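Reviewing the structure listed below.
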Protein chains: 2
Amino acid sequence: MPTIKDVAKLAGVSIATVSNTLNGGRYVSPPLRSAVLSAVRSLGYVPNGVARSLRRRHTQTLGFLVPDITNPFFSGLVKAVERAARKQGYQVLLSSSEENPELEFDLTLALASRQVDGLIAVPTGDSTEYLEHLGLPVVLLDRIGRSESLDRIGVNNAQAAQTGTEYLLAQGHRRILLLVSTLELANIRERVEGYRRALEAAHLPYHPEWVVACGREANSVEAAITAIQTHRPTALFAATNRLSLIAVRAIRHLRLAFPEEISLLGFDDFEWSTLLEPYLTTVVQPLEAMGSTALELLLARIKDNDHPPQTLLLPCELAVRQSVARA
Amino acid sequence: MPTIKDVAKLAGVSIATVSNTLNGGRYVSPPLRSAVLSAVRSLGYVPNGVARSLRRRHTQTLGFLVPDITNPFFSGLVKAVERAARKQGYQVLLSSSEENPELEFDLTLALASRQVDGLIAVPTGDSTEYLEHLGLPVVLLDRIGRSESLDRIGVNNAQAAQTGTEYLLAQGHRRILLLVSTLELANIRERVEGYRRALEAAHLPYHPEWVVACGREANSVEAAITAIQTHRPTALFAATNRLSLIAVRAIRHLRLAFPEEISLLGFDDFEWSTLLEPYLTTVVQPLEAMGSTALELLLARIKDNDHPPQTLLLPCELAVRQSVARA
DNA sequence: TTGAAAGCGCTAACAC
DNA sequence: GTGTTAGCGCTTTCAA
């Protein structure tokens with residue numbers, strides 16, 4: 001690979017002139033300018049970004065840590081963040097922790113060592129202390145835990161789940177099962193809380209057994225099946241996109257008429273859900289806004305670290321389609 | 001952020017000793033060793049990977065260029081490549097070109113400038129000349145075009161499509177529409193060729209009009225609808241996962257009994273397809289093997305660039321499920 | 001067994 | 001306007 005020296009030699013100028021024509025640092029006269037440019041072209045010179053970063057002391061790179069790149073919710077977030085970052089002249093370095101806290105920790109260190117200028121993180125769990133002492137601008141996205149010292153941007157989970165539940169209630173449903181992955185995630189606990197609040201507002205009892213933990217694996221459909229058989233709900237509220245999948249499998253396994261005998265409300269929207277018929281009615285999270293807002297907060301923090309951390313909760317919307325029938 | 005100098009000063013040793021205890025370069029006596037380690041801990045020192053890379057002249061980083069991170073086929077590939085890379089001590093720098101050739105080019109340059117040690121690329125199209133002159137080890141994955149000078153690992157598309165078509169034929173179908181995105185992709189053309197060969201082997205005529213180009217956008221369902229109305233097929237063969245989506249929408253739009261009146265065979269397997277009932281019968285590509293083989297070829301090329309480029313074509317399998325009925 | 005110092009490729013301060 | 005040079009943080013050679 002040619003270096004800036006090779007270009008300078010070929011163009012018959014100093015390396016400073018090469019650097020300046022390439023970076024627009026200071027005025028370079030047209031003749032030298034074009035000499036440099038043609039030398040660059042004929043050598044196929046690409047500036048060494050590693051050396052540049054070392055010298056400039058920043059990398060124009062942001063780290064983005066997600067739990068699972070394969071989940072359409074996160075890949076949608078990735079797209080949103082990348083687009084926003086590109087617009088601001090930043091690249092993003094993506095790391096997928098595969099929901100593994102140790103791997104997450106290692107990846108974070110790797111990102112720090114690569115000198116990313118900042119980090120957007122969707123942690124595997126709510127334990128984010130180590131992120132607070134990273135000595136790096138960090139914003140928490142989606143799974144914002146309870147850290148008060150980091151910028152966070154999330155969604156109003158309780159509100160969203162309450163709205164969803166109220167919709168189900170308005171359709172006449174009284175026996176509503178809430179399918180959750182694990183109560184270990186604050187996001188999920190808040191969704192439970194929203195569900196509870198809707199019930200309470202309607203003067204209906206809250207049955208803890210109606211909140212069924214299905215685990216974090218995509219293929220654990222047994223818990224859902226058992227719960228449906230036991231509690232005979234008329235509607236299912238899946239608190240996560242993966243859980244919509246599980247719900248559908250359970251409904252089919254039990255050969256229930258869908259949505260006539262049992263309704264389904266999902267959380268998180270995703271393109272491939274249109275394979276499902278009836279089309280899934282769902283609480284949709286504002287992916288694009290989440291990504292771009294996270295980026296904004298991070299850039300602001302990079303520019304100036306001396307302002308208090310903010311927490312932004314974005315609202316979700318309900319997309320009414322076909323999977324919820326009147327009870 | 002503390003540097004190696006800070007650590008050396010605090011530990012009362014030279015920076016060489018810090019480097020050597022951290023990297024195991026040469027023997028360091030236990031007392032100095034532990035002095036260094038405790039200094040590292042108390043400062044929260046993380047080595048500057050940028051400086052390290054500049055000095056070592058490699059980054060232990062591989063670039064991976066995909067057309068769309070949001071497509072489960074590619075995100076599956078990403079997971080496979082990342083896992084394989086991690087096992088070999090490499091990190092991967094992911095770039096998503098959003099099927100945009102100019103963006104692809106820019107991203108590739110950015111990757112080169114970041115001094116990745118090698119690049120795995122799934123290009124947006126079949127024009128890969130610029131990748132050949134990048135001065136960087138490159139392996140082409142999935143969309144391998146016709147470059148003879150690069151290592152390539154793909155799938156036997158013609159064979160796979162032929163097997164799929166033969167299966168449809170064996171189920172008694174005679175009017176089979178092949179849904180494709182665009183004939184611009186060699187992969188797709190090969191799938192068409194496999195379809196043609198199966199027809200030919202069965203002494204059946206090949207109707208070019210039965211190959212319907214739906215475009216690369218996910219929501220262009222009109223072409224499929226029109227083709228179904230015009231040609232009255234008993235089976236659809238979707239040459240791509242997105243096209244399965246389109247096929248399903250078209251089938252529903254026309255209110256055809258599925259799979260009784262019209263069967264569907266997909267290409268590419270993906271978790272979320274289980275939302276579809278009947279379960280999708282599909283040609284499945286060996287994601288894991290594709291990813292790990294690509295990595296192997298790339299590592300071999302990085303280690304020694306003096307061997308002729310290889311092309312590996314992996315076989316696909318047919319997963320028979322429920323979406324194909326007997327005609 | 002350890003330290004001093006050169007140098008990776010670049011940018012920016014300084015000199016002319 | 002342009003060239004020379006110090007130095008970013010690290011690894012590694014050379015000296016001791």
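Throughout, protein chains are lettered first and strands after them, A, B, ... in sequence-line order, and every chain is numbered starting at 1. Remember, predicted model here, so these are calculated numbers, not experimental data.
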- [ ] Compare the minimum distances between each of C/dA12, C/dG3, C/dT11 and the side chain of B/Ser14, then state the nucleotide with the smallest one.
- [x] C/dG3

Open item on the list: I want to check one thing: is the phosphate of D/dT11, taken as OP1 and OP2, less than 4.0 Å away from some side-chain N or O of B/Ser19?
Closed with: yes

TODO: Output the single nucleotide from D/dG3, C/dT2, C/dT11 whose closest atom is nearest the side chain of A/Arg52.
DONE: C/dT11

Open item on the list: If you compare every side-chain N and O of A/Ser53 against the phosphate oxygens of D/dC8 (OP1, OP2), does one of them come in below 4.0 Å?
Closed with: no

TODO: Report yes if a side-chain nitrogen or oxygen of B/Thr3 is closer than 4.0 Å to either non-bridging phosphate oxygen (OP1 or OP2) of D/dC8; otherwise report no.
DONE: no

Task: A/Arg152 and A/Thr311: CA distance, side-chain angles, deciding distance, side chain to side chain donor-acceptor pair (under 3.5 Å) verdict - done: CA-CA 5 Å; A/Arg152 301 133 94 199; A/Thr311 297; 2.9 Å; yes

Task: Contact nearer the 5' end of DNA chain C, comparing A/Asn20 with B/Ala51 - done: B/Ala51

Open item on the list: So for B/Arg26 and C/dT2, does any side-chain atom that can act as donor or acceptor lie under 3.5 Å from a complementary atom in the base?
Closed with: yes

- [ ] Please check if any side-chain donor atom of A/Arg216 sits under 3.5 Å from a side-chain acceptor atom of A/Ser181, or the reverse.
- [x] no

Open item on the list: If I compare all heavy atoms of A/Val50 with all of B/Leu54, which pair ends up nearest, and what's the gap?
Closed with: CG1-N, 3.6 Å

- [ ] Could you state the atom-to-atom distance from CZ of B/Arg57 to P of D/dT12 in whole Å?
- [x] 12 Å

Open item on the list: Of the listed nucleotides (D/dT13, D/dG9, C/dC10), which one gets closest to any side-chain atom of A/Arg55?
Closed with: C/dC10

Open item on the list: Nearest heavy atom decides the nucleotide; on that basis, is A/Val28 or B/Asn48 closer to the 5' end of DNA chain D?
Closed with: A/Val28

Task: Intermediate values then yes/no, side chain to side chain contact (heavy atoms under 4.5 Å, CB included), A/Asn23 and A/Arg52 - done: CA-CA 11 Å; A/Asn23 301 310; A/Arg52 171 179 287 173; 3.1 Å; yes

Task: Integer-rounded Å distance: D/dT2 C1' and A/Ile4 CD1 - done: 14 Å

